[in-house]
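When reading the values below, keep in mind they use all heavy atoms of this one structure, side chains included, and skip hydrogens, waters and symmetry mates.
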Amino acid sequence: MLKQNLQQKLLQKLSPQQIQFIKLLQVPTVSLDTRIKEELEENPALEDLSLTNLNEPVEEYPDRDPDEDTYNGDEEKGEMDEFNIDDYLQDDSVNDYGSRYDQNGDDEDERKEIPIAVQSSFFESLQLQLDLLPLSDKDFRIGKQIIGSLDDDGYLRRPIMSLTDDLAFSQNVMAEDEEVEDMLKVIQSFDPAGVGARSLQECLLIQLRKKDPNDPIIKKAIVVVEQYLDEFTRKHYDKLEKQLNMDSNELRGVVNEILKLNPKPGDSNEINTKQMQVIPDFHISNNDGALILTLNSKNAPELKVSRSYQEMFQHYDKAAQKDKKLKEAVQFVKQKLDSAKWFIDAIKQRQQTLLKTMNAIMQYQYEFFLTGDDKNLKPMILKDIADRIGMDISTVSRVANSKYVQTEFGTFLLKSFFSEAIQTESGEEVSNKEVKKILEEHIGKEDKHHPLADEKLTDILKDAGYNIARRTVAKYREQMNIPVARLRREL
């Protein structure tokens, strides 16, 4: 039996401009310049004032009528009157947002690109060592294939059989697995020591076997890595002493020798380009007890709508009223002008949202920004800031998760200022950051021969007035990337 019913739904759709703003809001300062360059390349109607000579005369169209110079878009309107020329005109000498946030007068030094050290890469270094060996053409090509198959940390994580197949299919080199194994051993003799290993165990053994083979400590270290690596990583030192018949002093020497080894040899000669440079979005300075917030000038590019595109629009708009074929050109130019205006508006809205959010955070955590003491951090959740600035929680979250503020006490991710409240025995609410700070201090000064277990840390906090469960202490310890007591133990 068919039934008909009427349902009413309320759907909220984001406009293209809102989507563009949300995406820009999430972009960190270090990536904003790249995003703006992409937009400048895609949209010729958008210009960067910092790259434009403002004193350059405007180029005129050779086919323009003399009386077009005094053309006013409000005087003549035809079937294309949906275009408002005034919406696209703006004074080149006025930038209504580009410079107002640069209140702290960043020096030119801060605007310069950070120089990158010139040095041979990890793979270039290995290739150079391969070039110096007297090898047959076949062995050289096998060695080159092995080097190209290494991960950035220097490990070979592909099976030998896969390398043999690659040589056959891509280079027409017919090699046996044993030949590849032999060349791998040659690569493993290269510097840095440990390169070409297929596991952590093999990496450590390669390094140990390059040391003095007659040293009794080295001999025992090799035995530990070969046979008791699991016990070593879990710090079951009592078991190692018993199995290897060593006293604590001997074991300490063996452990220290192993700890000197490099578990990631590929990182030793490589600039780590994967780490993104942290550029603060905000600066907070203390002027005799008054906090001053400024937005990093890199967040305020001097963008404008292209004057030549505006004039082109005027020229085509008038002509299109007489020639229907030019309508398509007018639509194209209008689309580019619209897109440029939307992008500039989105950048401006991004700046305003960043300042509004950071100012609310600064006011909420005023004591912390004055002193830099974690104990002055107040419990604060996203909703607290969202309510203060009249914005959605998701907007505050996007700002907090990707933006940094520079203070006289260091540079911090905004997310780090948010924390849950914990109630003390006296009924006072404090931030869980304060509890984490106390945990960090006690773990930092603990006796490493007998580190503090979570139960003991719980008792310490209770004595200090923080009534927290052991599982909560364990959760905070894990959030701070601090291992359990057994793994913190030293000989």
Side-chain angles (χ1 to χ4, degrees), residues 13-54 56 58-59 83-102 106 110-114 276-282 295-317 328-358 394-395 398-399 401-404:
K13 288 188 176 180
L14 295 175
S15 68
Q17 296 94 316
Q18 289 172 314
I19 293 172
Q20 188 173 53
F21 162 66
I22 290 171
K23 287 182 177 179
L24 280 173
L25 190 62
Q26 294 178 142
V27 174
T29 303
V30 69
S31 304
L32 182 62
D33 188 49
T34 302
R35 175 66 187 89
I36 291 172
K37 285 178 181 175
E38 289 173 358
E39 193 70 21
L40 288 168
E41 289 174 2
E42 292 175 7
N43 190 352
L46 184 69
E47 290 183 356
D48 185 350
L49 280 175
S50 65
L51 304 176
T52 306
N53 185 356
L54 299 181
E56 191 174 300
V58 178
E59 183 181 344
F83 302 126
N84 185 356
I85 305 295
D86 293 336
D87 287 343
Y88 299 97
L89 298 177
Q90 75 181 48
D91 187 356
D92 282 355
S93 63
V94 176
N95 178 12
D96 64 347
Y97 70 93
S99 59
R100 81 172 54 160
Y101 298 109
D102 191 13
D106 290 346
E110 291 184 15
R111 298 172 185 268
K112 292 178 182 176
E113 295 293 330
I114 294 179
M276 185 175 285
Q277 177 194 354
V278 173
I279 296 179
D281 298 79
F282 313 95
L295 184 67
N296 189 326
S297 60
K298 292 180 183 292
N299 284 292
E302 298 183 271
L303 301 176
K304 73 179 184 71
V305 177
S306 166
R307 170 64 65 179
S308 62
Y309 252 68
Q310 293 168 5
E311 292 181 345
M312 189 189 304
F313 183 37
Q314 288 179 335
H315 177 69
Y316 280 169
D317 185 31
E328 192 174 323
V330 173
Q331 288 290 349
F332 173 80
V333 175
K334 178 180 181 295
Q335 179 202 355
K336 293 301 180 184
L337 289 169
D338 277 336
S339 181
K341 285 188 68 200
W342 290 345
F343 190 78
I344 290 172
D345 288 343
I347 289 286
K348 182 177 179 180
Q349 190 178 355
R350 177 184 187 271
Q351 295 162 5
Q352 293 170 343
T353 303
L354 290 182
L355 274 174
K356 201 172 184 180
T357 305
M358 185 64 236
S394 62
T395 301
R398 287 187 178 95
V399 174
N401 285 329
S402 59
K403 306 296 179 290
Y404 289 83

Student: If the threshold is 4.0 Å, N to carboxylate O, is there a salt bridge linking E39 and R35?
Tutor: yes

Student: Could you give the distance from CD (E38) to CG (D33), rounded to the nearest 0.5 Å?
Tutor: 10.5 Å

Student: Could you walk me through whether F282 and L295 pass the side chain to side chain contact (heavy atoms under 4.5 Å, CB included) check?
Tutor: CA-CA 5 Å; F282 313 95; L295 184 67; 3.7 Å; yes

Student: Using side chain to side chain contact (heavy atoms under 4.5 Å, CB included) as the criterion, list what pairs up with S394, not counting sequence neighbours.
Tutor: D392, R398

Student: Measuring from atom CD1 of I279 to atom CG of L32, what distance do you get when rounded to the nearest 0.5 angstrom?
Tutor: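 Here the interatomic distance stands at 10.0 Å.
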
Student: Between atom CG of L355 and atom CZ of R350, what is the distance when rounded to the nearest 0.5 Å?
Tutor: 10.5 Å

Student: Which heavy-atom pair separates S402 from L25 by the least distance, and what is that distance?
Tutor: OG-O, 4.2 Å

Student: Taking the side chain as C-beta and beyond, is there a heavy-atom pair between K348 and I344 under 4.5 Å?
Tutor: no

Student: Nearest 0.5 Å please: distance from the CG atom of D345 over to the CD atom of Q352.
Tutor: 9.5 Å

